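In what follows, a structure is listed as structure tokens, so that the remarks can point back to it.
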Amino acid sequence: MVPVRHLTATIDGQQLFYREAGPSGAPTLVLLHGFPTSSHMFRNLIPALADRYHVIAPDHLGYGASAQPSVTEFDYTFDALGSLTAGLLDHIGVDRFAIYVHDYGAPVGWRLAMRTPDKVTAIITQSGNAYMEGFVEPFWKGLFAYAANPSPETEPAARKVLTLDATRWQYLNGAADPSLVSPDNWLHDQALLDRPGNDRIQLKLFHDYPTNIDGYPKLQEYFRSSQVPLLAVWGANDEIFGPDGARAFQRDLPDADIHLLDAGHFALETHLDAITGYIRGFLGNLPAKS
């Protein structure tokens, strides 16, 4: 097993936690986690790749072991999370890297790619959405209503997503064999969601989520103009970001490599070996300059 280092850095006055493994001179892969988890979701993938790659997995501010300033102390937006991540990579000294994006990690990763396209060598997306086709309406209806009009009438539906039942559902729904998914996942994530003040952070990011959709036309133009290599390893049974979201990448990236797995939103929990194999093959076939 390759050792994994657990580190912190101060970026723009905020403490960011990150996991790092693999040789510093190897090609870098940045793993960007989604909601409601942290870099904990990559705990098994990191050592599976770090023999060949320099792997970095940060916790977004307000998640995992990173700092959790209150919403009055920090303006939680996806732009802000993207800027902090860019600052962390600059701090570490990473000039070129591939990104692996999941859920919330996608809008963070998209901002990195559009901000400095020459730095991003490739994209791996696991339920990291970039198209309207990806949104599964029953899950998003209440969140979009809250985002459009935060109020006492719309907030309960948004808060429902912060409950233990909802967190458990995210892990188990769509899994072909739910017994492969450890309850440690949702218990760990829920303990962090339940920290005092974290609910306000999540509501703030729910409210900001439409800024990601507003950026889709520019993002899709980036795909078309760059033809960045892209691999999708996506749960075919995901009822948050459905498989049509994976297929849609081929509209702008005809050579995108799309794999739909018999899994749900957290496909790594049940398909680690398959995803690892796809990643190693994909990254291994990139041009040498990448």
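Counting from 1, the numbers follow the sequence of the chain as shown. Here the structure is a predicted model, which is why all the values come from computation and not from measurement.
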Salt-bridge criterion met for Lys204 and Glu73 (N-O under 4.0 Å): no
Salt bridge Glu221-Arg224, side-chain N to carboxylate O under 4.0 Å: yes
Flag, side chain of Gln227 to backbone of Asp252, donor-acceptor distance under 3.5 Å: yes
Parallel, tilted or perpendicular, as decided by the 30° and 60° cut-offs, for the rings of Phe135 and Tyr216: parallel
Test applied, side chain to side chain contact (heavy atoms under 4.5 Å, CB included); reference residue, Leu162; option that passes from Thr167, Asp194, Asp199, Asn198: Asp199
Salt bridge present between Glu155 and Arg200 (N-O < 4.0 angstrom): yes
Any Thr125 side-chain heavy atom under 4.5 Å of Leu231 side chain: no
Residue from Leu205, Val108, Ile201 passing side chain to side chain contact (heavy atoms under 4.5 Å, CB included) with His60: Val108
Within 6.0 angstrom of His207 NE2, more than 12 heavy atoms from elsewhere: no
Test item: Arg280 and Asp51 side chains (from C-beta on) under 4.5 Å apart, heavy atoms: yes
Ser127 and Asp103: side chain donor to acceptor below 3.5 Å: no
Tyr76 to Asp208 - nearest heavy-atom pair and separation: O-CB, 4.5 Å
Derivation of the side-chain hydrogen bond (donor to acceptor under 3.5 Å, both in side chains) call for Glu153 and Tyr146: CA-CA 8 Å; Glu153 290 71 35; Tyr146 175 78; over 6 Å; no
Check: His259/Asp257 side-chain N/O donor and acceptor closer than 3.5 Å: yes
Whether over 12 other heavy atoms sit under 6.0 Å from Asp12 CG: no
Distance-only donor-acceptor check, side chains Thr77 and Asp75, under 3.5 Å: no
Pairwise salt bridge (charged side-chain N to carboxylate O under 4.0 Å, His left out) hits with a residue in residues 77-88, at least two apart: Asp79-Arg111
is_close_aromatic(Phe78, Tyr104), centroid dist under 6.0 Å: yes
Proximity of Phe42 and His102 rings by center, below 6.0 Å: no
For the student: nearest non-hydrogen atoms of Leu61 and Pro69, plus distance: CD2-CG, 3.7 Å
Arg251/Glu133 ion pair, N-O < 4.0 Å: yes
Salt-bridge present (Lys119, Asp90; N to O < 4.0 Å): yes
Side chain proximity check, Val120 to Phe97, heavy atoms < 4.5 angstrom: yes
Test item: side-chain donor near acceptor, Asn237 and Asn173, under 3.5 Å: no
Geometric class of the Trp186/Tyr171 ring pair [parallel <30°, tilted 30-60°, perpendicular >60°]: tilted
Exercise: do Glu20 and His54 side chains pair donor with acceptor under 3.5 Å: yes
Side-chain heavy-atom pair Arg19, His40 within 4.5 angstrom cut-off: yes
CA sep, side-chain torsions, deciding dist, call: Phe206, Trp140, ring-ring contact (aromatic ring centres under 6.0 Å, His included): CA-CA 10 Å; Phe206 290 160; Trp140 287 95; 8.2 Å; no
